Amino acid sequence: MRVVWANIEDVWREAAARWTLITYFILSTIFIVIFASAVNLDIVDGALAGARLFGKDVEMRGGGIGIEQLVMYSELVFSIIIYGFSVLLAVFATAHLVPRMQEKGTVDLYLSRPVSRPALLLSRYVAGLLLAASNVVYLTGAIWFIVAWKTHIFNPRFLLSGVIMMFVIAALLAFAFLVGTITSSTAVSIMSSYALCLMSIFLSIVHGRIDAVFSHDWLAAVVDGLYWIVPKAWELGGSVAAYVTGPISHMKIPAPGLSAFVSTGMFGITCLVLAVWRFQKKEF
Amino acid sequence: MTETLIEVRALRKEYASRVGKPRIIALDGIDFTVRAGELFGLLGPNGAGKTTTVKILLGLTAPGAGTAFIGGLPVSNPESRRHTGYLPEGHKIPNYLTARQAMTIFGRMSGMSSNDIKERVPALLERVGLAQWADIRIRKFSKGMTQRLGLACALVHRPNVLLLDEPTDGVDPVGRREIRDLLREEAKNGTAVLLNSHLLSEMELTCDRVAVLRKGKVAAEGTIDELTRRTAKYRMIATPVDEPLLAMFRETGAGVERVNGHLELSVNDLQHLNALVDGLRSRGGMLQELSQMRSTLEDVFVDLVKTEGQQS
């Protein structure tokens, strides 16, 4: 446990010293402030009398939308934005953890301690996840608080959607760790993680119509196989939206099946196992 | 009998080379031991296998064959590093940390409790002369200061085995002496110290015993005294020294060389030396000075490396 704490302290101090932590939270705060100042609600006797978003009046069709509905819409939109934003920042803020540790003159200092290599790598992974989680909690917590403060409507689902975001971040971070272990390059880790994200979105989009998109059977089979291997960033984004609006919402956003979670989890675990195996075998 | 804390037996390591080229043999079956309280030095030209040996001892690299133990545990077991302190050459302690933070993190990774760390860190920083710099970021440190901090990090968990790669690199003469004293003190308390350095004079002043590595093998091993007293060489100042005298000396089988007004004599033993003195006196010569010459560690090292050159 002391090893984990030592790594958490190291990772957080590095993030603070290298401005990563500050930039991380400044960007998130800008995002929150923009949101807070953009939403103006007139609530009379607990009912929504008028609303302005980014200075424009929101049209109240058929005698106006209910305040719950407006909250649901805004939280839906913001959960999707936060999802993309937090995944982007998390990869950027943590992809250096392995390459920097593997630098000559540094790795010797870590490995000369009575710590097994898997424990060292995994404790760094936990430290990276905690760093990313702090940002997700900050973003979702602050937006949730502002919405609750302005509307007196508390939707715990918005807050809890951060767990799904962290699930996706955990899988991507595992991939970044694997690439970092193999290449010892922060830039390659970041680029390949983003490329994986984009590829997974592309695969998700074309997956439903593979036969129409690809003329060759073998190509369709490769794309189909890849789809089941890579994390389901797109579907899990939909899952965040479906979870935030909830089963009773009239919006009825389709939630992805359990397979999206299982395949993403499997991908993350496989990457982590491979990263540990590679790190264990590596000679410094 | 003093406990053996570092044991290396028939250690061998090869590195893969480019396709079609022969593999590089870094270590070719080396053996040595370091006992508790001993300061042991590893010497050798570049590529002799010194760093590879230390890396194997720390589990950074796996040996191809042979065994290595620290404190009786195989080096593949992370527990063998529980009581091992290491100072790598050109180490990069994260420079965003302060000296205190770095020692705290490395102490914690070595299993120290917070209370123990709080007690140990200030004392150790004082000992390496960095007490005033405890809360300054390492990026502000000079090379010598970083080296002292590296040593403090290696010592933070009270190891009984110390592996040090160029510990005095970049340190001023006063600092070097302080580090030497510190290492002697550690050895006095029962720590086994393995030093790896190119500074031969430093090794000569610090180590009890050294091993010279050459092409992955131990070319020579012993105490500094044993290694530097290999040849019986004497310095003689006498008058008159003329060619017939030198010829007479040579006839006895002695090696004779005139150097800056004195003679350097290589003899077989003391009797041989006395015979030369008798010869000088019988010719009416006056002996002014006679002293044994000691080769330096550098001489021994250069001789061994030269031998390598001649062999290859």
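Here the structure is a predicted model, which is why all the values come from computation and not from measurement. Chain letters run A, B, ... following the sequence lines, proteins first and then strands; every chain starts at 1.
For chain A, the nearby part of B:His157 is the side chain; its heavy atoms alone come within less than 4.5 Å. Of the two parts of A:Lys281, neither the backbone nor the side chain holds a non-hydrogen atom closer than 4.5 Å to a non-hydrogen atom of chain B. In this structure, chain A has heavy atoms under 4.5 Å from both the backbone and the side chain of B:Thr61. Heavy-atom distances place both the backbone and the side chain of B:Leu58 under 4.5 Å from chain A. Contact annotation for B:Ala102: neither backbone nor side-chain heavy atoms come within less than 4.5 Å of a heavy atom of chain A. For a residue to count as touching a neighbouring chain, one of its non-hydrogen atoms must lie under 4.5 Å from one of that chain's; by this rule B:Val54 does not touch chain A. Proximity to chain B is limited to the side chain of A:Arg117, based on heavy atoms less than 4.5 angstrom apart.
Of the listed residues A:Ala17, A:Ser112, A:Ser123, the one with more heavy-atom pairs under 4.5 angstrom with chain B than any other is A:Ser112. The candidate with the highest count of non-hydrogen atom pairs below 4.5 Å against chain A, out of B:Ser80, B:Gly111, B:Gly85, is B:Gly111.
Two residues are said to be in side-chain contact when any heavy atoms from C-beta on lie closer than 4.5 Å; A:Leu120 and B:Met109 meet this criterion. Side-chain contact between B:Ser113 and A:Arg2 is present, with at least one heavy-atom pair separated by less than 4.5 Å. With contacts defined as side-chain heavy-atom distances shorter than 4.5 Å, the pair B:Arg82/A:Arg113 does not qualify. Between B:Ile93 and A:Leu109 there is a side-chain heavy-atom pair separated by less than 4.5 Å.
Looking at B:Lys92, its side chain never comes within 3.5 Å of a backbone N or O of A:Glu103 through a donor-acceptor pair.
The 12-atom threshold is not exceeded at NE2 of B:His83, counting heavy atoms of other residues, nucleotides or ligands nearer than 6.0 Å. Atom CD of B:Glu126 is surrounded by 12 or fewer heavy atoms from other residues, nucleotides or ligands within 6.0 Å. Atom CZ of A:Phe25 has more than 12 heavy atoms from other residues, nucleotides or ligands within 6.0 Å.
Closest non-hydrogen pair, A:Pro114 versus B:Ser110, comes out as CD-CA, 3.7 Å.
We find the CH2-CD1 distance between A:Trp5 and B:Ile105 to be 13.0 Å, quoted to the nearest 0.5 Å. Here CG of B:Leu60 is found 9.5 Å from CD of A:Glu283. Values are rounded to the nearest 0.5 Å.
Using a 4.0 Å cut-off between a side-chain N of Lys or Arg and a carboxylate O of Asp or Glu, A:Lys104 and B:Glu89 do not qualify as a salt bridge. With respect to A:Glu9 and B:Arg108, a salt bridge is recorded, a charged nitrogen being found less than 4.0 Å from a carboxylate O.
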Determine, stepwise, if the pair A:Asp10 / B:Tyr96 fulfils side-chain contact (heavy atoms from CB on, under 4.5 Å).
CA-CA 9 Å; A:Asp10 187 21; B:Tyr96 48 82; 2.8 Å; yes
